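Here the structure comes first, spelled out in structure tokens, and everything after it is commentary.
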Amino acid sequence: MKAEYLMRRVLYSLLAFMISVSLTFVLLHLMPGDYLHSILPYLAEKNPDAARMFREQFGLNRSISEQYLLYMVNIIQGNWGYSFLYGLPVLAVIEEKLRWTLVILFPSTVLSIFIGMAVGAYSGWINGSKTDLSVLNFMIFVGAVPSYWWAMLLILIFGFHMNLFPLGGYASIDALDVGVRISDVLRHAALPITALTISSVPGTYYLMRNSTLQTTGEEYVLTARSKGLREMEILRHHALKNAMLPMVTVIALELAQMIMGSVFVETIFSWPGLGLLTFEALRVRDLPLLQGIFLMDTLMVILANIVADLSYPFIDPRVKVGESV
Amino acid sequence: MNPMLRTSSFVFILALLALMPSSDAEETSSEDALVVAVSSSFFMQGNVLGQGGAPSGSFVYEGLVTKNRESGYDGWLAESWESNEDATAWTFHLVEAQWHDGQPFTSEDVEFTYNYITDNKMWLASVLSMVDYVDCPDERTAVFHMKSPSPAFLDDISHCPGICIIPKHIWEDIDDPDHYVDEEFVGTGPFKFVSVVPDQYVKLVANGDYYGGRPAIGEVILKIIPNKDAQILAMKSGEVDVVSEISPAVAQSIEGSNGIETFVAPETRGYELGFNLNNYPTDSPEFRKAMAHAIDREKICNIVFGGYATPTETTFLMPSVAYDFVNPDVPGDDYEYDLEKAGEMLDAAGFTDLDGDGWREGSDGEDVVMIIPITGMGADDSKIAEVLREDWKELGIKVEMKQVESSQKQSEYHNSNFFIVGMPYLMHDDADDLTHFEVDSHFGNPNWYDYDEPDYNALAEELRNTADQDERKEIGYQMQEILAEDVPTVPICSTDVIFAYRADRFAGWEDVAPLYWSVDTKMILNVRRA
């Protein structure tokens, strides 16, 4: 039963992926402008010969349907094409940037989930109290301020005025001679991680607070209270576990989406991650690279969904994956 | 909550805190190196041929000649050059130089570069399309044989995108230049490539064997910072020594603080207002002539460019770079700012306010609306258009801005009434640049203005086939007279590029103007330690 469900799930995901590939292809080709016009606008205008030769050089002179078929075949074979800008295979470019994105994204996501869940659960448990309201309002404030503002504030205070952290990039200048060291990278990553954490904590907080609020009225909580358990123990052992369930899907999707969402923070900290790459690829109309990035994002969302679904039974034994009720 | 996860996040925060105190020492730039802030690592991607040549921004590669601001060319890998009488053959006498790996540079490298680019059908070959073949009578001489007379050949190979010479002994083994990722960057330039930290730094050292003499600066580090504000902040904190292309507002706020000084590379971009001659009402020559009097250049220079601009009134060519290519009798007072006169001329041309609503109507009885394509609020052209809108309101002419996607902008010129464009001074410095207004000058495509004047086209053709400088100048004069009469374009101003640098570390910046708007080879060769 479970194997069959998994098969079906994978098949559907594959279908979703293919549809997404086609949509991305169509949308990107509908987009006005091209690479050459973007990098050398005057040349392309003064000398359409260059534009023609460029199209021939990269096979852009073929019909759209032909390009589409070729693209689909190549995707299935694992060949995602070459970036115009880098001259490297798209996957290699993405992999390199994804690594840097994950360096700041993974810690900040983990941090924001823990902080958000802890504060959210507490806030929801004592809902209506003064502490709850002040925390709630504080979180609304934090969430309302855009991430790049936090990033700039952190740079100005801790980077520029206090000179505790570097202003941007991932390595100090001596990396040219001694190579990139982990401690150096971590020191450069501290502020971007903090900025990303600050900007994503409120989201997790709202959800967790709401989720906890719903459990406070449940009968098992009443039972636990009547047994004489301490409040914090009820929260931790009974309420929290039930409140966590809806969080799993949200967290999984959040992880997948944050990869694209860090473009502002990456720009401000000159952090060469996937967000910055997307921005640059879009600016110069590097179509193969853009397609690759969007496909990677689609893959992430699909994978995150599957993982979330499959992990339900581990958190809540009542849920049985793939069994019709 | 899982206690293991809780512990690990706690450890992580501790680790972050532990990293804090170790910071101070390293972040200042290395003592001897000149650190230049650059906006992207574009120039390091793939290989030099994939990036559209490297005439000036590269400190590693070189071309044959480079344009100077005195209306001529400076030798680069060619120390002298000449063409035959009808400009069908260009001979370059090469310097005695070495590649960075020690191999001698010879005319074979020049021939190879041409053959390689054309044989591989790279789009860069379009720049060399008028070349028939290249031969090398000896090691120090390369001759480009043209398919037809090409007096403007030097112009073509020296800018936008320009052709740089590549080493034969390395590139002859590379079959697939589109996908070749260079890790050595062997050139002939004053600096050698040493190492790179991807997307962060590029380290170059002085080439001790450079034929032009060893550079005064021993080491140059390019620090990649995409965001302009972040570049300024990095300079204020001492991490970089020079930042290019900063805004007038920023220039005023940082001048004098932390040892920072600014200088300008004067008149690097020429702004013009172009009319489209196919669309109503700009198809009327009287209308265009009237509007030529409705441009307040002083106001635009002060409001839009913060004073870092100079009004220009000569037809397309800029006197500060084109010198005597500029016809001194043109345009007379045809472009003088005078709203009253403009109003009278519009009245005479039949554009009057008949219904008294404050807006002029044309022959069709509708209000006259001028449409301009812009790419976004805050760009220079939209700011200029704002100034014009205010002025033209007084004149009774409506201005509408049409938001377009940046790469679509140039094709939108054909669907609107007017546009504003600021091209590099390199496109305003030679009679040859006047062919910009020739019909189908864009390789069979109409020019931006949809301007098509048979006499003008004939002159452009004549100019192309004339090698003699004095004759070219004379033809250029006649072309400018026609332009002043037909007014497809009205000059606005030329703008400066502002640089900021750490005066306490390096000196000599302001003596040399760059080819474009970033720090280039010529500038860096002139800079000394302060």
Side-chain angles (χ1 to χ4, degrees), chain A residues 32-34 36-43 45-51 53-54 56-58 82 85-88 96 107 110-111 114 117-118 155 159-160 163-177 180 183-184 186-187 190 193 236 240 267-270 272 276 280 285, chain B residues 1 5-6 9 12 15-16 19-20 22-24 26-27 29-30 35 40 42 45-47 50 52 121-127 129 160-161 178-181 194-195 197-201 203 221 223-227 230 233-234 236-237 239 405-408 410 423-424 427 442-445:
Chain A
D34 66 42
L36 201 64
H37 275 88
S38 308
I39 58 161
L40 291 167
Y42 296 110
L43 171 80
E45 183 63 29
K46 271 200 89 115
N47 188 349
D49 240 18
M53 295 178 83
F54 172 78
E56 278 170 18
Q57 198 178 337
F58 290 97
Y82 279 84
L85 184 59
Y86 291 82
L88 285 169
E96 158 86 25
V110 171
L111 274 176
F114 277 103
M117 292 223 301
I155 288 191
F160 186 65
N163 200 17
L164 290 174
F165 290 103
L167 298 173
Y170 66 76
S172 305
I173 211 158
D174 58 2
L176 279 167
D177 302 315
V180 180
S183 65
D184 192 33
L186 283 180
R187 212 164 56 75
I193 290 174
R236 216 180 304 160
L240 203 58
T267 310
I268 288 167
F269 285 102
S270 314
L276 209 56
E280 185 77 353
R285 297 283 186 273
Chain B
M1 208 184 293
L5 282 176
R6 199 171 32 183
S9 64
F12 181 80
L16 276 185
L19 286 165
M20 280 177 60
S22 70
S23 58
D24 345 322
E26 305 157 72
E27 271 308 310
S29 40
S30 146
V35 186
S40 91
F42 187 56
Q45 314 301 354
N47 61 69
K121 296 199 169 58
M122 308 194 76
W123 60 266
L124 209 52
S126 67
V127 178
S129 58
C160 199
D178 294 343
H179 302 144
Y180 166 56
V181 179
V194 181
S195 61
V197 179
D199 291 311
Q200 300 287 297
Y201 304 98
K203 182 171 170 177
I221 290 173
K223 185 170 164 73
I224 297 141
I225 309 177
N227 182 284
L233 205 59
K236 277 174 139 182
S237 73
E239 287 178 30
E405 210 282 324
S406 64
S407 52
Q408 288 304 96
Q410 296 181 351
M423 286 195 280
M427 289 175 167
H442 300 164
F443 288 78
N445 291 342

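Just so it is clear, the structure is predicted and the values come from calculations on it, not from any experiment. Residue numbers begin at 1 in each chain, while the letters A, B, ... track the order of the sequences.
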Which atom of [X] lies closest to which atom of [Y], heavy atoms considered:
X: B:Val197; Y: A:Ala171; result: CG1-CB, 4.4 Å
X: A:Leu276; Y: B:Pro226; result: CD2-CG, 3.9 Å
X: A:Glu96; Y: B:Pro198; result: OE2-CB, 4.4 Å

Distance in Å, A:Leu167 CG paired with B:Ile225 CD1, rounded so as to fall on 0.5 Å steps: 8.0 Å

Gap between atom CD1 of A:Ile173 and atom CD1 of B:Ile221 - 0.5 Å precision: 4.0 Å

Tell me, side chain or backbone of A:Tyr170 under 4.5 Å from chain B's heavy atoms, or both, or neither? both

Residue list, side-chain hydrogen bond (donor to acceptor under 3.5 Å, both in side chains) with B:Lys203, at least two apart or on another chain: A:Asp177

Please identify each residue that fulfils side-chain hydrogen bond (donor to acceptor under 3.5 Å, both in side chains) with B:Asn227, with sequence neighbours left out. none

Under 4.5 Å from any heavy atom of chain A - which part of B:Val181: side chain

